[in-house]
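Bear in mind that the values here come from a model prediction, so they are computed numbers and not experimental data. The chains referred to below are lettered A, B, ... by the order of the sequence lines, with proteins before strands, and numbering in each begins at 1.
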Amino acid sequence: MKLDFLGDLRRTHHCGALRASDEGSRALLMGWVHRRRDLGGLIFLHLRDIQGITQVVFRAEMDSEIHARAEQIRGEFVVAVEGHVEKRSAETINPNLPTGEVELVADKVWILNESKPAPFPMEDDLSVGEEVRLKHRYIDLRRHRMQANIRMRSAVSYAVRQSLYQQGFQEIETPFMTRSTPEGARDFVIPSRLTPGSFYALPQSPQIFKQLLMVGGYERYFQIVRCFRDEDLRADRQPEFTQIDLEMSFVQQSDVFAVIESMLSKAFAAAGVDLAPPFPRITYRQAMDSYGIDKPDTRIPPFHRVEALFDGTPISGNGLPMVAILIPKVGQVSRKERDELKAFGQEKKLRVFDDPKRLERDFPEQMAQVRTLTGATEDDLLLLANWAAEPDEHLPEREVLKACGQLRLFAAQKYADRHKLLDPKQFHFLWVVDFPMFEWDPEEHRWVAAHHPFTSVHDEDLDLLTTDPANCRAKSYDIVLNGVELGSGSIRIHRADVQQKVFAALGFTAEDAQHRFGFLLEGLSYGAPPHGGIALGLDRMVMILAGESSIRDVIAFPKTARGTDLMCEAPSDVPDRLLRDLGIMHTRR
RNA sequence: GGGGACGUAGUUCAGUUGGUUAGAACGCCUGCCUGUCACGCAGGAGGCCGCGGGUUCGAGCCCCGUCGUCCCCGCCA
């Protein structure tokens, strides 16, 4: 097909712009043909660009040459159309389009490019397999849903930058080609040609660099930065993902919270959501006691510990926690549903008491108190649960609470459409503070850093580092949104001597620590200021704002669950010559 | 590393107990059509049933393997 040149043509309006008030004016639109309806003497096009859709009409009586040209147009062709704006008659108004009161009556048309038929329909409401969407991602990105998501992401990023600049932050880049720092996620590595046998690593986060920027005196750093982790993928995990990363000097936790609350208010406002900071704060211990999880979804109520009430009864759980779970407004629960709840509990080694009536008969006094405690009414689902197995040797209480937390979430999700509490348009933020400094690793049989080894401990817990690691609290915090861990940060260790102690508590020898983090220790020894910071997952944040359930839907070019890019077919072979230069041999399977 | 779901036309799917020539809708192509907006009407093209092997007189369907996509556990300081 003969194509037309763009030349000096310039659009006068976007496709979402024209209204009844533009009646009579000339307009030149450019865009993609969203849909075409050829009635013979009349041809309608829905012309689409980033701003919207406008109906264009070609009338045969106007110019047969133009009409013949218009007949050649197909879906997804790129065209320019010039004409005058006409108000539609009342019965031809399309209420589904913002521009539906008008149409462009074309008297000129340019076909700027043709298109093969699209590999899948452009309509949002038609489901298309992800495989084919990812293979032709550029087509998928044209669809309204993806354009809305990607534009929201851009708006959110812009608001984040604006807010942080206003709050005195500098945006500073840190290297992508850096040093592997074991412990943590698996690193992606890059072979070095100039130092054969050695590798750079892609950063899992700019953690150490941002701390060294504090040593460098920048005081307030931020970066919207890609991070890389070579671990298995999930709906909310990609091998490369984007963090809003920041670090501040001479601050305490509350200063970091204030910065983030202000930033998030701006970011969510950019997506049309009003937030009301400050966000609630609970300690890790409270979170475990009330929700059995360190990232509680506070859209549904907490559970209540009731083991004290049932102490001495036949159903007391030998001192381990017993909880009362309340899911409001569930209504009647069938026998089958109760069995499912019980079965789920059993899988988690819980004994589930699903029949409050029976409990009320056997333990009337205790249950009266449970009712008062939970405020449960007849319409609510009330479950009691305790441990059905042998106590675990290590932290048995936490084990039980975790299982109860899973039961609570399972029940809430099961009845989500009844209680309407898990509304994706509600945004419940929560700070979780005072995480434990260490977690026991049963496989390696040692304490590992719960957050990361640069996290400082509570001033009054400093001695517990060596005497009682299990109860040593860190100055670390997570920000949680609707049960999703959005971000995580801490006040860092700024003294080399304390940092050495923590490395020792983690079982690093002095040589180990020196080998892995020597440059950080060295940096801390040259007047490092007290500092702290946080990193927030931008992908997850936009995912929740956009109401999506996978971060792939808010990333322009994401990878599949096996870490491949179906569009450009990465990863791929590289020429043998390149491998020779790099001094690399590998075994092919 | 483990568990689960799925794989049939460009797309979304159906396909009976293993039995003739594998279907539908949308999309695509051709023709007709001056008020459509999921346009309509008539006609047409389009299939390595993911791939390989096996069972069987006969496999889209059963079995084994393999590849791919998605979800979950482990993992993700």
Worksheet item: Can D339(A) and K342(A) be counted as an ion pair, charged N to O under 4.0 angstrom?
Response: no

Item to complete: Select base, sugar-phosphate, or nothing to describe what Q238(A) touches, counting heavy atoms under 4.0 Å on all strands.
Response: nothing

Worksheet item: Base, sugar-phosphate alone, or nothing: which one does D38(A) contact when heavy atoms must sit under 4.0 Å apart?
Response: base

Discussion item. At 4.0 Å (heavy atoms only), tell me whether S205(A) reaches a base, stays on the sugar-phosphate, or touches nothing.
Written reply: base

Discussion item. Any base atoms under 4.0 Å from L97(A), or only sugar-phosphate, or nothing? Heavy atoms, all strands.
Written reply: nothing

Worksheet, complete the sentence: L39(A) has its side chain closest, among G35(B), U12(B), A38(B), to G35(B)

Practice prompt. Classify the nucleic acid contact of E130(A) as base, sugar-phosphate or nothing, counting any heavy atom under 4.0 Å across all strands shown.
Written response: sugar-phosphate

Worksheet item: Considering Watson-Crick and G-U wobble pairs with both distances under 3.5 Å, what does A5(B) pair with?
Response: U69(B)

Discussion item. With nearest nucleotide decided by heavy atoms, which residue, N96(A) or V132(A), maps closer to the 5′ end of RNA chain B?
Written reply: V132(A)

Fill in: Sugar-phosphate only, base, or nothing, as touched by G100(A) at under 4.0 Å among non-hydrogen atoms
nothing

Worksheet item: Using a cut-off of 4.0 Å on non-hydrogen atoms, how would the nucleic acid contact of E439(A) be classed: base, sugar-phosphate, or nothing?
Response: nothing

Worksheet item: Which of these, H34(A), R35(A), R36(A), R37(A), sits in a side chain to side chain donor-acceptor pair (under 3.5 Å) with H46(A)?
Response: R37(A)

Discussion item. Apply side-chain hydrogen bond (donor to acceptor under 3.5 Å, both in side chains) to residues Q238(A) and D539(A) and explain how you reach the verdict.
Written reply: CA-CA 9 Å; Q238(A) 285 272 303; D539(A) 312 282; over 6 Å; no

Worksheet, complete the sentence: For A25(B), the nucleotide meeting Watson-Crick or G-U wobble distances (both under 3.5 Å) is U11(B)

Worksheet item: Looking across every strand, which nucleic acid part, if any, lies under 4.0 Å from R133(A) by heavy atom: base, sugar-phosphate, or nothing?
Response: nothing

Fill in: Minimum-distance nucleotide (side-chain atoms of S550(A) versus G35(B), C71(B), G74(B))
C71(B)

Worksheet, complete the sentence: The nucleotide from U69(B), C76(B), U36(B) with an atom nearest the side chain of Q55(A) is U36(B)

Worksheet item: A450(A) near the nucleic acid: base, sugar-phosphate alone, or nothing, with a heavy-atom cut-off under 4.0 Å?
Response: sugar-phosphate

Item to complete: Give one of base, sugar-phosphate or nothing for T560(A), where a contact means two heavy atoms less than 4.0 Å apart.
Response: sugar-phosphate

Worksheet item: Touch check for R74(A), heavy atoms < 4.0 angstrom, all strands: base, sugar-phosphate only, or nothing?
Response: sugar-phosphate

Fill in: Watson-Crick or G-U wobble partner of U16(B), both distances under 3.5 Å
none

Worksheet item: Base, sugar-phosphate, or nothing for Q207(A), non-hydrogen atoms under 4.0 angstrom?
Response: base

Between the protein and nucleotides 1-7 of chain B, list the N/O to N/O atom pairs that are separated by less than 3.5 angstrom.
from	atom 1	to	atom 2	distance (Å)
G1(B)	O6	D232(A)	OD2	3.3

Fill in: R37(A) vs G40(B): side-chain N/O to OP1/OP2 distance below 4.0 Å
no

